[in-house]
Amino acid sequence: MRWLTLYARSRQVPASLAALVIGAVTVWAVAPSSAVGGGDPRLAVLGMGVGVVAVSVGFGGQDLALDRTAAVRWVPRRAAHVLLAGVVVAAVSWGLWAPGPELGGAEVLVRGSAGLTGLAALGAALSGGQYAWTLPFGWLSFSFFAPPATSTATRVAGWMLLPPGTPAGTWTALVLLVAGTSAYALAGPRR
């Protein structure tokens, strides 16, 4: 077997991909028809959140001791795993929500999947692979019930639901992606 096949199997990539597609399609299917093409990004962001929770399961390996002692360079592999997971979540979301100008275009999907994936990677580095989903789930839940974005702090807290072109939303997602990917790539999942 090749290392990529072994890596994908050890990170439960096939099961995560199936859960990603099933979860995103379920959110899309239960969404009212007005929300699919409407200007409210909450359901699209919820679909991305479900997808990131599904792929975050793969951020922890089957045997952490083996990962730490193996004679392979893990940093580029882990970074590529996080970035590829974000791309897959964005692609599935793009296929289901087809973001037109009324939803905010591609920026909302790219920004959301990048930031949420970075949060999941940060969660894996801080809490381990089995709890990597907690940070994106918690932040997503908070942003749905947060007060309206009037100050910088509330814009950062609700970055997922901000309109496209908002610097606070874009920079928050970028910082989360870079911080999460760096922490996970360098430290790996916590034991």
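Computed over heavy atoms, backbone and side chain alike; hydrogens, waters and symmetry mates excluded. Remember, predicted model here, so these are calculated numbers, not experimental data.
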Sequence neighbours left out, cut at 3.5 Å: what donor-acceptor pairs do the side chains of residues 135-146 make with other protein atoms?
from: Trp139; atom 1: NE1; to: Ala157; atom 2: O; distance (Å): 2.7
from: Ser141; atom 1: OG; to: Phe137; atom 2: O; distance (Å): 2.8
from: Ser143; atom 1: OG; to: Trp139; atom 2: O; distance (Å): 3.4
from: Ser143; atom 1: OG; to: Leu140; atom 2: O; distance (Å): 2.9

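- Contact record, Gly165 with Pro167: O-CD, 3.3 Å, taken as the closest heavy-atom pair.
- Both Leu119 and Leu46 are part of a single hydrophobic cluster, where members link through side-chain heavy atoms under 4.5 Å apart.
- Looking at Tyr131, its side chain never comes within 3.5 Å of a backbone N or O of Ala124 through a donor-acceptor pair.
- Closest heavy-atom contact between Arg78 and Pro189: NE-CD, 4.2 Å.
- Under the 4.5 Å side-chain contact rule for hydrophobic residues, Val88 and Val50 share a cluster.
- Without hydrogens or angle criteria, Thr154 side chain to Ser151 main chain gives a donor-acceptor distance under 3.5 Å.
- For the side-chain contact (heavy atoms from CB on, under 4.5 Å) with Val89, the qualifying choice from Val55, Leu116, Leu109 is Val55, the only one to do so.
- Between Gln130 and Val57 the shortest side-chain heavy-atom distance does not fall below 4.5 Å.
- When all heavy atoms of Ser93 and Met48 are compared, the pair lying nearest together is OG-CG, 3.1 Å.
- Across Ser16 and Ala54, no two heavy atoms sit closer than the pair OG-O, 3.3 Å.
- The hydrophobic cluster containing Trp94 also contains Val92, counting ILVMFWY residues as joined when their side-chain heavy atoms lie under 4.5 angstrom apart, directly or transitively.
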Which side-chain N or O atoms in residues 169-177 pair as donor and acceptor under 3.5 Å with protein atoms at least two apart or in another chain?
from: Thr170; atom 1: OG1; to: Glu107; atom 2: OE2; distance (Å): 3.2
from: Thr170; atom 1: OG1; to: Thr166; atom 2: O; distance (Å): 3.3
from: Thr172; atom 1: OG1; to: Ala168; atom 2: O; distance (Å): 2.5

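- Across all non-hydrogen atoms, the minimal contact from Ser113 to Gly86 is OG-O, 3.6 Å.
- For Ala120 against Val52, the heavy-atom pair with the smallest separation is CB-CG1, 3.8 Å.
- The closest side-chain heavy-atom distance from Leu84 to His81 is not below 4.5 Å.
- Using a 4.5 Å cut-off on side-chain heavy atoms (C-beta onward), Ser56 and Trp133 make contact.
- Val53 and Leu83 fall into different hydrophobic clusters, where Ile, Leu, Val, Met, Phe, Trp and Tyr residues are linked whenever their side-chain heavy atoms come under 4.5 Å apart, directly or through other members.
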